[in-house]
Every structure is written in C-alpha cells, then in structure tokens.
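The structure under discussion appears below in the form of structure tokens.
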Amino acid sequence: MSFDLVLFGGTGDLTWRKLMPALFQAWRHGKLPADGRILAVARDERDDAGYRDWLHERLQAAESAKRPSDEEYTRFAQRVHYLRMDLSQPADYAQLKAWLGSRSTPGGADTVVMYLATSPHLFPVICEQLGASGLNGERVRVVLEKPLGHDLASAQAINRAVGAVFTERQALRIDHYLGKPSVQNLMALRFGNALFEPLWRRESIAHIQITLAESLGVGTRGDFYDRTGALRDMVQNHALQLLTMIAMEPPSSADADAIRDEKLKVLRALKPFTRESVGRDVVRGQYRAGMCGGHPVPGYLEEVKVPPDSHCETFVALRTEVENWRWAGVPFYLRTGKRLTARDAQIVVNFRPVPHQIFPGASVPNRLVIKLQPEDGLELQLLAQKGSGHGEQLTPVTLDLDFDKAFATQRVGAYERLLLEAIAGRLNLFVRSDEQEQAWRWVEPILQHWAADPVGPRPYNAGTWGPSAASAMQSAGEPSTATAGVTPSANVVL
Ligand code: BG6
C-alpha cells in the first residue's frame, strides 16, 4: 500500500515533539508501509534538505532509546519532504496537488492523509481549500487534532466546515488517549473475557473512579491553557472517552460504528448538570506554589502568559451518573488536575461488599484497579485467609498483572498507533462528530455556571491531591472505600 501523509503545522510543537518521533518509531519498527512519503507543510521558506536538518536537530531531544542514529535518520529522512504554503492561498493548494501527483505511479498514492496539526481556527479554511482544489476524493482522509472547538457551538461550526468537504468516514478526530495500549486494553478486558461482564453492573458495583492526575504544571502553554482549563482540556475528551469505554454496552462487533454507537449512548445517558448539581457535584481548583518532586514550583498565577487574576481551573473533580438500567444509582467520579502529587492515571472499580459477613472484622469490598499510566496493568484486590487460626480476620491480597513487563516489545506509543490507524483507514480509535458534540453538550452547563460564578476555583498547593473540598463532597450514606495502603489517587471520594 502506498500513502502520502501531509502534516499541516509541519514546524509546530506537535509535529516535532509527537508526530515525527512517532513516525520515526513506526518506520524503525518496520510498520510504516514501504511506499510512503511524509510532507511537512508550513509558512517558512525552506527546502527538503533544510527541513530535514531542522528536524534532525529537534529529534535529538528524544530520550536516548528513541533517538535516531545518524544512519537511521538518513534513511528515514528520505521519506520526509517540505512544502511552503500559505494556507489561505488557492495557488499553494495547486502546488500541493502537483506534489501529490508527482509520484512515479500514475494516479497518486493509494491513501492520502491530511493531518491538521494547526490551530483549530485554521481547520475550516484548510478543509474549504482542500475541497476547492479537489483534494477531498475517496482516498483522502483528514485528521483533526484536539482541541476541537471551545464549546458546543464552535465544535459544531468546525464539524459543519469539515462535513461540507469530507464525509464522516473521512474525518478522523484525535483523542490520543484512545491510542494508548492501556486504554485499548479496556475493550479487551471487558469484551474479550466472560469473567467480568456479569458483575459489570449496578447490582455488583458500588462506584467507579476515573483519575487522570498529572504532576506537571502548564509549562510554556500558559496562553493556550488559560483559554482552555482542565474541563475542556481533559474532561470533555479524555476522561469522558474512558467513562464511555467503562460504561458502554457490549458492541455487536469490533466495527468502528458499532463501538461508537454504544459510546454515544453512554454520553447521552449521562445525567445532565443543573445549576444546583454543578454547585454540589463539581469542584474546580487552581494550584498555588508548592513542592513537586522535592522542588519548589510556582503557582498557576505565576506561570508564563497567565493573567495574575485568572479564574482558569487546573483541577476538576466531579460526580455523575449514567442513567440507564445497567448503571442507575452508581456514582462515577472523574478527577483530573495538574501539579498533583504524582502522574497517575487509573480507573478503580469498587465492588459492593459481601451481602452477609461470616468472618470476623469489617469486610473490605473487592476492587479492580485498572492502571493506565505510568504503569500499565491490572490489580484485583481480594480477601484471603492467611493462617488457619479460628476467628482470624481475612487479609487483603492483590492479584497483580503487569502488562508493561508482559507485552513491552509489542506495545507502541499512542501517536504511533494512531498514525498507523489513520494511514490504514481504520476508524475505531477516532471520535465521531456526534460523540464529540454530545460530550460538549454535557459539559456546557458547568462552563456556563462557572462563567457566572465570581468565586472562582479553590486553591490547592502544588504537590497535593487537589482542593480539600474535593474530598468533602462525599454523599450521605455512601460508604468510603479507602483502605490502608491505597494511595489517595486510587480512591477520591467526593
Ligand atoms: C493533552 C492535554 O490532551 O493531554 C495536556 O492538552 C495534557 O494538557 C495531556 O498534559 C496529557 O496526556 P498524557 O498522555 O501525558 O496523559
């Protein structure tokens, strides 16, 4: 199979930090189809050689195992080309068309992937110009990088502009969490095993916690982040995608639309927020200066390009429910934040306690901890009898699976996987427009409530697990499942 991959935003951060390293790894792993060309597009005046040198220098920043040797880079770089384009100029798209037609094989590549790694405000103009130049035929796919809009209306406007030129099956919306092997493994866990499905429901599950904690701050992205905030940056997309994978009904097949239909049903079943429930069930926070990894770090308001009076949230914790027969009454807790104690993404499924206790001492409910990162694994927490003494209390034990160790050599990074899927035209790991719009619809009341709330986010010290209010929201009557030896990240109780 032959392909041409066009990277709009060819000199941007995303391209050299994520996309090019991922393409290099795919090439190194022998996964990139042999007859493939990569075209970086940007405004600067350069030629192929100039771009290749520029990229070579950038790739030196990669960790040593991922850095290309000079010999490897020379071979990889033969596939990399550069085209200067002003994205508003039809003549420049004519040049792009000529480049795509310049292959020795007549008719061009089997697949052309237009990857829009630019600011989203450029998506409509790029799509319009691609359409006007006839670069939207069946073989062409367009990949849209996050953030896709700022709210429902802007997301719909982008989708309309894309939809005027490309069909839904040609438009691939990225959520890089879907490319993570640990996230893909959620599907295998739920639908490749018969074991969990009978228990995966309100009768057996007390509550589910999804935590995406980061120890880093906003770094140099203060400008972007301050217009975005944690709800738009992490909850509307990554956290909700995880929730859909945990809560969805078994799809009838592994076909992309069979899966996306089920995910959409979950999003539609999420309990809508009201003014009252936002106040009760959602906590927003903003980090202050503190200690992270043993070093003092500045507060959010001291970060570069952040206004000193910003109300932007760097932390969100919320409680929601999926209103259907499977999940009615089961709280789903989502929590994400920057500058927390550790980088730690995991989903904790808390089972109900045994209905009748025959052993001495308090019963400890079973828990399934699905570790997404930095570790990739599964922990099933059970109770066992340690000795044979009569009247002995049961002891917590853990079945521990380490997928990093077991499958390390077969696992590839999220962007490597997503780029290969885009080239192959498999849509499973991309978000459909109706899913994306429904996620916006659900978060909008929170955004509106916050916009009208003069109080702003609650402060928390960098290096902690977020504002104390996030743990003070525990609903009446819901048992706390925190147990000894469990890190706070494993179980946030609102
Ligand atoms: C991105 C957000 O989508 O995800 C970033 O814009 C965040 O703010 C990042 O840091 C987290 O991704 P990962 O893969 O490091 O968990």
Side-chain angles (χ1 to χ4, degrees), residues 9 12-15 17-19 21-22 25 62-63 66 115-120 143-150 155 172-186 210-243 245 284-287 292-293 297 300 303-306 310 312-316 334-347 370-377 404 411-419 429-431 436 439-440 443 457 462 466 489:
D13 265 26
L14 182 72
T15 298
R17 278 185 205 280
K18 302 278 187 191
L19 304 179
Q25 291 303 327
E63 57 184 274
K66 296 197 168 161
Y115 197 119
L116 310 196
T118 62
S119 162
V143 180
L144 307 163
E145 251 302 334
K146 173 180 169 283
L148 277 163
H150 196 68
L172 279 51
R173 291 170 196 77
I174 290 259
D175 182 313
H176 79 278
Y177 266 63
L178 297 184
K180 292 180 188 270
S182 55
V183 173
Q184 275 314 297
N185 199 33
L186 284 177
I210 299 176
T211 300
L212 303 177
E214 296 185 84
S215 53
L216 293 179
V218 296
T220 53
R221 297 163 78 221
D223 194 17
F224 157 78
Y225 195 85
D226 204 66
R227 284 177 276 120
T228 308
L231 189 73
R232 291 187 176 95
D233 192 40
M234 297 292 287
V235 176
Q236 187 272 343
N237 32 66
H238 308 323
L240 283 185
Q241 283 293 324
L242 293 177
L243 188 153
M245 293 172 92
R284 61 174 160 159
Q286 189 185 74
Y287 61 85
C292 260
V297 293
Y300 178 70
E303 298 279 17
V304 181
K305 295 195 186 154
V306 169
S310 170
C312 174
E313 81 286 358
T314 60
F315 173 97
V316 179
L334 307 186
R335 178 175 64 164
T336 184
K338 295 210 181 278
R339 282 284 184 233
L340 299 181
T341 314
R343 177 169 186 248
D344 190 358
Q346 57 182 339
I347 300 171
I370 304 168
K371 300 184 201 166
L372 303 175
Q373 65 186 31
E375 296 149 76
D376 176 2
D404 279 326
R411 296 210 149 182
V412 300
Y415 272 103
E416 182 176 343
R417 175 91 193 263
L418 291 170
L419 281 159
L429 303 190
F430 300 94
V431 180
Q436 182 222 355
W440 276 120
V443 298
S489 66

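Just follow the structure's listing: the first ligand is 1, and inside any ligand the first atom is 1.
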Side-chain donor/acceptor of Thr336 to backbone N/O of Leu212, under 3.5 Å: yes
Going by the order shown, which atoms of ligand 1 are within less than 4.0 Å of some heavy atom of Lys338? 5 (C), 7 (C), 8 (O), 10 (O)
In ligand 1, the atoms that come under 4.0 Å of a heavy atom of Asp233 are 2 (C), 5 (C), 6 (O), 8 (O)
Closest heavy-atom contact between Glu416 and Ala22? N-CB, 3.5 Å
Near Lys146 (heavy-atom distance under 4.0 Å), the atoms of ligand 1 are 1 (C), 2 (C), 3 (O), 6 (O)
Over all heavy atoms of both residues, which pair between Thr314 and Tyr287 is shortest? Give the atoms and the distance, please. OG1-N, 3.1 Å
Atoms in ligand 1 with a heavy atom of Gln373 nearer than 4.0 Å: 13 (P), 16 (O)
Any donor-acceptor pair under 3.5 Å from Asp404 side chain to Asp376 backbone: yes
Among all protein heavy atoms, pick out the one at the shortest distance from atom 4 (O) of ligand 1; state its residue, atom name and that distance to 0.1 Å. His176 CE1, 3.3 Å
So is His238 polar-close to ligand 1, meaning N/O to N/O under 3.5 Å? yes
Can you say whether the rings of His238 and Tyr177 are parallel (under 30°), tilted (30 to 60°) or perpendicular (over 60°)? parallel
Side chain or backbone of Tyr225 under 4.0 Å from ligand 1, or both, or neither, by non-hydrogen atoms? neither
Minimal non-hydrogen separation, Lys338 against Val218, with atom names: CD-CG1, 3.9 Å
What are the atoms of ligand 1, with element, lying closer than 4.0 Å to any heavy atom of Glu214? 7 (C), 10 (O), 11 (C)
To the nearest 0.5 Å, what is the distance between CG on Leu186 and NZ on Lys180? 12.5 Å
Give the ring-plane orientation class for Tyr300 versus Tyr225, where under 30° counts as parallel, over 60° as perpendicular and anything between as tilted. perpendicular
Would you mind running through ligand 1 and noting each atom that sits below 4.0 Å from a heavy atom of Arg343? 15 (O)
Shortest protein contact, atom 16 (O) of ligand 1 (heavy atom only): Tyr177 OH, 2.5 Å
Which of the ligand 1 atoms, numbered from 1, are nearer than 4.0 Å to a heavy atom of Lys180: 13 (P), 14 (O), 16 (O)
